[in-house]
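Proteins come first, then strands; the chains are lettered A, B, ... in the order of their sequence lines, and each starts at number 1. Only this structure's heavy atoms are used, side chains among them; waters, hydrogens and symmetry mates stay out.
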Amino acid sequence: MKKDLVKILETAIQAMGVSALPQIDVEIPKSGAHGHVATTLAMGLAKALRKPPRQIAEDIVAAIKDNPQFEKVEIAGPGFINITFTSSYLHASLLQLLDGDTSMLRVDTGRGRRALVEFVSANPTGPLHIGHARGAAVGNALCNLLQESGFSVEREFYINDAGRQVLLLGESVFARYMHLCGFEGYTFPEEGYRGDYIEDIARAFREKEGDHHSQVVNEEGPQKGIQAAREFAYRKMLDLIRKDLDLFKVKPYDRWVSEKSLYDRGEVAGAISFLKDKGALYEKDGALWFRSTGYTDDKDRVVIKSDGANTYFASDIAYHKDKLDRGYDIIIDIWGADHHGYIPRIESVMRAFGYDSSRFRVILVQMVNLLKHGEPFQMSKRAGTFVTLSDVVDLVGADTTKFIFLTRKSDSHLDFDIDVVTAQSAENPVYYVQYANARINSILANAREKGLETNRFGGVDLSPLSAPEEMEIIRKLLSYPMVLEGAARSYEPHHITFYLQQLAGIFHPYYHKYKVVGDDPALTAARLALCAGIQKVLHDALTILGVTAPKRM
RNA sequence: GCGCCUGUAGCUCAGUCGGAUAGAGCAACUGCCUUCUAAGCAGUGGGUCAGGGGUUCGAUUCCCUUCAGGCGCGCCA
């Protein structure tokens with residue numbers, strides 16, 4: 001719908017002597033009185049052409065109005081051009097949508113560009129919780145969306161396995177292990193992880209290793225044991241994270257990048273010496289600093305501490321250099337919003353390496369404000385009081401949870417009240433959408449039982465579709481590629497969620513008012529085609545969001 | 001104190017790079033299952049778009065400012 005229109009408009013304004021083609025915005029007017037689609041093209045051209053917008057609009061209208069696809073072309077207000085399509089054009093377009101594969105629904109926004117999306121990247125020190133779930137839902141949907149919009153997408157998980165946190169994990173597990181072995185006086189680390197899962201791991205560790213680590217502590221110290229516990233626990237945690245993501249139906253990652261391996265392969269040292277050669281590093285107070293104020297940051301940042309240890313930032317430099325070196329056109333990081341202060345320094349790193357920081361894009365996912373009975377529910381991984389992703393999936397379901405996350409802009413605060421979400425689960429918007437899909441499935445099954453065709457619509461005459469509701473549905477279906485395009489351009493999958501609710505919202509009333517499978521064979525065939533079209537789009541959009549489209553409910 | 005995000009119906013949130021009469025779900029109330037699935041439909045009520053300035057043909061959208069909430073400002077991760 002948009003593609004056809006843009007082509008016509010471009011031809012028209014080229015003929016008017018506009019050489020530099022602007023991006024042509026096409027919008028669906030809120031009010032039905034303003035046609036099927038509208039463009040502000042004439043208003044946009046007013047400055048360049050130095051003519052009043054209405055006059056430009058008149059010229060454009062004169063050039064396009066005889067096109068057979070248009071029923072009506074009108075100028076309104078300050079220079080809107082409102083266009084009404086003919087029914088036969090809409091019918092023909094629907095037929096194309098039905099006949100073609102999904103490429104009919106796609107806009108090539110990516111044009112083959114390579115995108116790397118890093119998301120979740122939780123510390124391997126505990127199970128995933130509700131906040132990770134939001135990042136996972138957004139990341140997963142965004143990857144699908146970009147993939148379907150002509151990007152070549154790679155999904156990546158960064159594992160912080162080199163820092164203090166995994167060490168603490170090892171110490172915590174080891175302490176529990178010591179207790180299990182009978183050494184109850186062994187001190188548990190001050191800031192150690194206290195969840196039940198630590199005890200489970202300690203038990204498994206003891207099953208595998210026996211008690212011998214505990215027996216040598218007095219002579220050799222705990223170091224070897226802690227080391228072993230750390231390795232063991234860390235692998236268990238990664239398995240757990242994989243399992244949780246799998247449970248949440250997040251598409252598998254293409255790559256898991258270990259922070260430790262960046263050190264082992266010398267990439268951290270390499271990145272640092274590269275920056276040193278460029279003069280982006282300097283020493284002060286015994287530490288090594290990155291001159292990020294030379295770029296967009298408001299403070300310089302320490303890379304190597306005065307005690308000789310690398311900061312977290314050091315490996316992040318190496319990691320992002322590695323991403324750049326791998327040649328992606330777009331590098332997307334999905335972070336919790338509490339890390340937003342980190343953006344300028346990573347941008348600075350990119351520029352220090354000589355890359356345009358506009359290739360780098362951070363999508364901030366706001367914190368999930370977890371509530372129970374309307375009261376804040378404080379989560380702490382260390383204290384062991386938190387609601388895990390797997391709890392939520394058990395309680396609420398993966399589809400519902402994802403859909404809730406995807407009906408919000410990722411950077412808006414979000415209340416997730418366990419009670420409300422659970423209680424309302426039967427009336428959650430996701431069911432409204434899925435129900436439409438299931439209903440259509442029943443209709444088609446019913447038709448098949450009567451020996452009607454429900455798969456191929458090549459030669460079907462759609463002209464019996466003439467009710468206002470039917471024409472509205474057709475236009476809605478034809479606007480789907482516009483929605484995908486807008487969502488992909490802005491990296492905001494939530495637009496798709498809203499579109500789905502709207503589409504379902506016009507289908508259900510239609511279903512009640514009209515009988516699809518009826519006495520009139522021509523009308524029945526046309527309505528079956530319409531339903532198949534709706535189902536095609538519903539299924540496609542739900543799949544992109546990572547939500548299932550059940551056939552019966 | 002500085003920086004970022006947020007403030008839209010009772011609640012949770014949309015609002016398409018400035019567009020026409022600001023929307024949805026939930027909650028409340030009233031009706032509808034001998035007819036392809038009632039997780040549905042029809043209807044009712046609900047708004048100084050936090051407040052105040054500015055920019056222009058036109059502002060929920062852009063700029064300034066005030067207020068409120070969240071987050072961040074470490075040789076922590």
Sugar-phosphate only, base, or nothing, as touched by A:I28 at under 4.0 Å among non-hydrogen atoms: base
Option passing ring-ring contact (aromatic ring centres under 6.0 Å, His included) with A:F157 (candidates A:F119, A:W256, A:Y319): A:W256
Check: A:I343 and A:W335 side chains under 4.5 Å, non-hydrogen atoms: yes
Sugar-phosphate only, base, or nothing, as touched by A:R301 at under 4.0 Å among non-hydrogen atoms: nothing
Letter per nucleotide, 5' to 3', of nucleotides 22-31 of chain B [B base touched, S only sugar-phosphate touched, - untouched; heavy atoms, 4.0 Å]: --SSSS----
Sugar-phosphate only, base, or nothing, as touched by A:D285 at under 4.0 Å among non-hydrogen atoms: base
Pair A:E148-A:R106, salt bridge (charged side-chain N to carboxylate O under 4.0 Å, His left out): steps then yes or no: CA-CA 7 Å; A:E148 295 304 323; A:R106 302 287 181 256; 3.0 Å; yes
Pair A:I24-A:E10, side-chain contact (heavy atoms from CB on, under 4.5 Å): steps then yes or no: CA-CA 8 Å; A:I24 297 180; A:E10 279 177 348; 3.6 Å; yes
Interatomic distance, A:R164 atom CZ to A:E191 atom CD [nearest 0.5 angstrom]: 5.0 Å
Under 3.5 Å, which donor-acceptor pairs link side chains of residues 514-531 of chain A to any protein atom two or more places apart or in another chain?
residue, atom, partner, partner atom, Å
A:Y514, OH, A:E469, OE1, 2.9
A:D520, OD1, A:A522, N, 3.0
A:D520, OD1, A:L523, N, 3.3
A:T524, OG1, A:G518, N, 3.1
A:T524, OG1, A:G518, O, 3.3
A:T524, OG1, A:D520, O, 2.8
A:R527, NE, A:E470, OE2, 2.8
A:R527, NE, A:Y510, OH, 3.3
A:R527, NH1, A:K515, O, 2.9
A:R527, NH2, A:E470, OE2, 3.4

Note: A:D297-A:R351 ion pair, threshold 4.0 Å (strictly below): no
Integer angstrom distance from the C1' of B:U60 to that of B:G19: 12 Å
Rounded distance in Å between the P positions of B:G46 and B:G7: 25 Å
Sugar-phosphate only, base, or nothing, as touched by A:A447 at under 4.0 Å among non-hydrogen atoms: nothing
Pairwise C1' distance, B:G3 and B:G10 [rounded to whole Å]: 34 Å
Proximity to the side chain of A:Y312 - top-ranked nucleotide from B:A77, B:A20, B:C75: B:A77
Closest nucleotide among B:C13, B:C57, B:C75 to the A:P78 side chain: B:C57
Verdict with reasoning, A:D59 to A:K51, per salt bridge (charged side-chain N to carboxylate O under 4.0 Å, His left out): CA-CA 11 Å; A:D59 294 345; A:K51 278 200 253 179; 3.6 Å; yes
Ring-on-base stacking B:A39 with A:Y431 (under 5.5 Å, under 30°): yes
Face-to-face contact A:F80 to B:G19 six-ring, under 5.5 Å, under 30°: no
Touch class at under 4.0 angstrom, heavy-atom based, for A:N160 against every strand present: nothing
Closest to side chain of A:D415, choosing from B:C13, B:C36, B:A77: B:C13
Touch class at under 4.0 angstrom, heavy-atom based, for A:S412 against every strand present: sugar-phosphate
Whole angstrom value for the distance that separates P of B:A77 from CD1 of A:I317: 13 Å
Whole-Å distance separating the NZ atom of A:K299 from the C1' atom of B:G3: 10 Å
Donor-acceptor pair (no angle test) under 3.5 Å: A:S306 side chain, B:C75 base: yes
Watson-Crick or G-U stems involving RNA chain B, each at least 3 pairs long, distances under 3.5 Å, ordered by first number: B:1-7 with B:67-73, B:10-13 with B:23-26, B:28-32 with B:40-44, B:50-54 with B:62-66
Between B:G74 (C1') and A:D316 (CG): distance, integer Å: 16 Å
Rounded distance in Å between the C1' positions of B:U6 and B:G15: 16 Å
Sugar-phosphate, base or nothing in reach of A:M43, heavy atoms under 4.0 Å: base
A:M553 CE - B:G40 P separation (whole Å): 9 Å
Cationic N near anionic O, under 4.0 Å, A:E472 to A:K476: no
Whole angstrom value for the distance that separates C1' of B:C11 from CZ of A:R408: 11 Å
Atom pair distance, as rounded to whole Å: CD1 in A:I81 and P in B:A20: 17 Å
Where protein sits on nucleotides 66-72 of chain B, one letter per nucleotide: B base, S sugar-phosphate only, - none, heavy atoms under 4.0 Å: ---BSBS
A:H494 vs A:G518, nearer the 5' end of RNA chain B by closest nucleotide: A:H494
A:V26 or A:G77, whichever maps to the more 5' nucleotide of RNA chain B: A:V26
Sugar-phosphate, base or nothing in reach of A:N82, heavy atoms under 4.0 Å: base
Whole-Å C1' distance, B:G54 and B:A59: 11 Å
Whole-Å C1' distance, B:A9 and B:U48: 13 Å
Sugar-phosphate, base or nothing in reach of A:K551, heavy atoms under 4.0 Å: base
Rounded distance in Å between the C1' positions of B:C57 and B:G18: 12 Å
RNA chain B contacts among residues 504-514 of chain A, heavy-atom distance under 4.0 Å: A:H508, A:P509, A:Y511, A:H512, A:Y514
ring-ring contact (aromatic ring centres under 6.0 Å, His included): pairs with one or both residues in residues 481-506 of chain A, sequence neighbours excluded: A:Y480-A:Y499
N or O in side chain of A:R439 less than 4.0 angstrom from B:A38 OP1/OP2: yes
Stepwise side chain to side chain donor-acceptor pair (under 3.5 Å) test for A:R345 and A:S292: CA-CA 6 Å; A:R345 82 187 69 165; A:S292 40; over 6 Å; no
Sugar-phosphate only, base, or nothing, as touched by A:A76 at under 4.0 Å among non-hydrogen atoms: base
Same-atom distance (P) from B:A39 to B:U34, integer angstrom: 15 Å
Least distance between heavy atoms, A:P189 atom then A:R194 atom: O-NH2, 4.1 Å
Interatomic distance where NZ belongs to A:K409 and C1' belongs to B:G7 [whole Å]: 11 Å
Anti or syn - B:C62, cut at 90° from 0: anti
Value in whole Å for how far the C1' atom of B:C5 lies from CD of A:E492: 14 Å
